[in-house]
Amino acid sequence: MMMNNPSKNQCNVKPGTVIHGKWHRNSYAVIKELGFGANGTVYLARATDGQVALKMSENPMSITSEVNVLKSFAKVQGSALGPSLLDVDDWEYPDGKISFYVMEFIKGPDLLSFLQKKGSDWLGVLMLQLLKDLQVLHSNGWVFGDLKPENLIVTGPPARIRCIDTGGTTVSGRAIKEFTEFFDRGYWGMGSRKADEQYDLFAVAMIIINAAYLKRFNRAEGGRAQLIKAVQASPLLKKYEKVIDRALTGRYISASDMRADLLAVLQPSKLAAPAPKKTVQQAPPPTRTSRSRQASVQKKKKGGMAETAVILAVISLIYFFYLYSQLV
Amino acid sequence: MKTGTLKQVLLITDGCSNQGEDPIAMAALAKEQGVTVNVIGVMEQDVIDDQGLKEIESIAMAGGGVSQVVYTQQLSQTVQMVTRKAMTQTLQGVVNKELQQILGRAKTVEDLPPEQRGEIMEVVDELGETVELEVLILVDTSASMKHKLPTVKEALLDLSLSLNARSGENSFSVLVFPGKRGEADKLLDWTPKLESLTSVFPKLTTGGITPTGPALREAAASFRQKRSLRSLLSSDDEQSFEESV
Ligand SMILES: Nc1ncnc2c1ncn2[C@@H]1O[C@H](COP(=O)(O)OP(=O)(O)O)[C@@H](O)[C@H]1O
Ligand SMILES: [Mg+2]
């Protein structure tokens, strides 16, 4: 039986506690609590080779479920979808047992704190990054589900948005596992809770709205009318109105479709990002090289062999500079 | 793995029963018939009384289900979350039973190494998406619930939105208690469309007594009635959960 009170759904592990894994025999020293939510508590901890984030839950199946998602993300080579998974285990302490998993510690403020500190110019840029990640996630058959500012961390510099909390991540076509009302298409009466790309894109639009209305408002009449009224009333949101509207009403066929539209708003000139640069941004970690090269080669197939070779060379060059810059 | 229909009662109440059979015993009785009883306690801000809380917990424990106490404003999100949790938990129980048969010992998912739990979770997820679900919603409409009823109605519409997103079939029925004549009144007979509740949902409360025990008994019987009616109409070998559990 599970029992939850409004006050009681978090674990309480004191800093300094050492957590021993029963199966894999790794140890983690808790440094401090990073946060908690409906599915457990996350701690910053020290492992033998550095700092990690460790998530614990009274419900072992919710740990297993999130781990399943992270494992399948790991198969998408070199992507930055979610934190990378480091360990899964049980901790047996004197009067009980609790399941946990260990993941990459993503250091930085959550999206809204970042925007408050750095200014709203960053909003568009970060949303472009997010949409790029979502495109990859979607093309691998997933829908993120519980997309909201608290589940988005901005690391860096250079600033880079990262998703955490895969508790809501759902196989496309199934019922969304977990969501938060303000960001939920169903709550606003604007569609179903079946996992599809548009479900996440709706949430992206609501995240943009949340950036302007830090205090989330409730549904009144609901629907497009209420939300668009809020958008029009905010000077910050004016320029995004068209994009938000289309995302709210499910008119983007994909994340990259929405991304292109958003880019056009942010960069109205004809000088949208040239192709090679784009590829570099798409492919940070080394494992990804061959794959993303292939992808860009496929796109350029019409251009002929020579052009392909030149592009390849340019990409490699920029890529190595990128790697180099990551090292220093 | 073949599973039958998942039968869940969702009891929405704000506190103490004061008439008829012991609700905890009635929850246990429901469980014996393969019906899981889940409870949502709806509280006003900062009036959580210990006795009510204990009853809520005990009913869910005896009924093999999930319980959650919430403030009225958070009801929608909670109702769908509890239902989801309850389904997962019940399915997990079924999977555990299967495991024990295969492994021949008192093993549960949690006794397996983390690597193997993952595959089992995938099965549970898959079942949760596709299994046929029967939810009987049992709403306390005693006087103290008066202010909460509009929110309860919204929460139920929200629940239908969540469950309709699944590919498996749903049927819903709504009982309210105390009833005008008997212990509980049937507000909505078994239907795939919980939305049809909008037109019939009560705005007024009915009396001061709270016969939670008798209402739970009625609720469990309601599943049986449905089943026997069905088996009269069709001869297909429908297997219910109690057989596999
Ligand atoms: N990998 C991580 N790196 C840094 N902080 C994290 C990480 N994972 C979680 N957190 C922090 O812990 C909080 C709760 O974690 P989350 O996974 O969202 O839990 P829940 O599923 O219960 O909402 C997050 O809001 C964030 O502040
Ligand atoms: Mg979270």
Side-chain angles (χ1 to χ4, degrees), chain A residues 1-9 21-24 38-39 59-72 85 87-90 97-101 167 169-171 173-182 184-196 199 218-219 222, chain B residues 38-39 41 43 45-46 48 53 56-58 60-71 73-74 76-78 80-82 84-86 88-89 91-92 108-122 124-126 128-130 154 157-158 161-168:
Chain A
M1 217 245 352
M2 284 179 254
M3 176 64 207
N4 287 308
N5 294 335
S7 54
K8 176 212 146 191
N9 50 9
K22 169 188 168 180
W23 302 92
H24 305 138
N39 288 331
N59 177 6
M61 284 324 247
S62 86
I63 292 289
T64 306
S65 177
E66 290 181 21
V67 164
N68 272 355
V69 175
L70 290 176
K71 273 190 184 156
S72 105
L85 179 69
D87 193 9
V88 199
D89 217 322
D90 296 329
K97 187 173 91 169
I98 196 161
S99 298
F100 66 87
Y101 67 88
T169 307
T170 306
V171 173
R174 291 193 178 171
I176 291 286
K177 270 196 216 158
E178 212 176 286
F179 58 88
T180 302
E181 282 178 350
F182 187 80
D184 167 46
R185 181 169 75 181
Y187 172 77
W188 291 103
M190 297 185 72
S192 76
R193 287 199 183 123
K194 222 183 225 322
D196 53 28
Y199 186 89
N218 288 326
R219 177 181 57 202
Chain B
N38 308 285
V39 193
M43 301 289 169
Q45 203 80 44
D46 55 61
I48 295 186
L53 198 72
I56 285 162
E57 270 184 68
S58 310
M61 192 187 293
V66 178
S67 71
Q68 173 97 40
V69 174
V70 284
Y71 301 129
Q73 315 86 270
Q74 301 153 342
S76 288
Q77 182 115 23
T78 306
Q80 64 83 22
M81 206 177 75
V82 163
R84 189 162 191 104
K85 259 194 196 166
T88 312
Q89 185 172 299
L91 288 168
Q92 216 175 298
T108 67
V109 182
E110 274 103 78
D111 297 321
L112 296 173
E115 290 71 24
Q116 288 169 32
R117 280 176 218 167
E119 288 166 39
I120 291 166
M121 193 65 215
E122 269 171 30
V124 171
D125 267 357
E126 169 90 38
E129 174 69 20
T130 53
E154 270 192 28
L157 294 178
D158 190 82
L161 198 62
S162 279
L163 294 180
N164 288 343
R166 301 184 326 126
S167 29

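Atom set for the values below is all heavy atoms of this structure, side chains included, hydrogens, waters and symmetry mates excluded. First the proteins, then the strands, lettered A, B, ... as listed; each starts at 1.
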Quick one: what part of [X] sits under 4.5 Å from any heavy atom of chain B, side chain, backbone, both or neither?
X        : result
A/Arg185 : neither
A/Ile63  : neither
A/Lys177 : both
A/Thr170 : neither

Next item on the list: Write down the atom of B/Glu129, the atom of A/Gly173, and the distance for their closest heavy-atom approach.
Entry: OE2-O, 3.9 Å
Check: Where do B/Leu112 and A/Trp23 come nearest, in terms of heavy atoms and distance?
Finding: O-CZ2, 3.6 Å
Item checked: Toward chain A, the part of B/Asp125 with a non-hydrogen atom under 4.5 Å -> both
Notebook entry, point to check: Is chain A contacted by the side chain of B/Glu126, its backbone, both, or neither, given a heavy-atom distance below 4.5 Å?
Noted result: both
Notebook entry, point to check: Within a strict 4.5 Å, meaning less than it, do heavy atoms of the A/Val67 and B/Glu115 side chains meet?
Noted result: no
Notebook entry, point to check: Is there side-chain contact between A/Tyr101 and B/Pro114, with at least one heavy-atom pair below 4.5 Å?
Noted result: no
Item checked: When A/Asp184, A/Asp90, A/Asp89, A/Val171 are compared by non-hydrogen pairs under 4.5 Å with chain B, the top option -> A/Asp90
Note to self: Tell me which of these, A/Arg174, A/Lys194, A/Glu178, has more heavy-atom pairs under 4.5 Å with chain B than the rest.
What the structure shows: A/Arg174
Checklist line | A/Ser65: which of B/Arg117, B/Met121, B/Glu122 passes side-chain contact (heavy atoms from CB on, under 4.5 Å) | finding: B/Met121
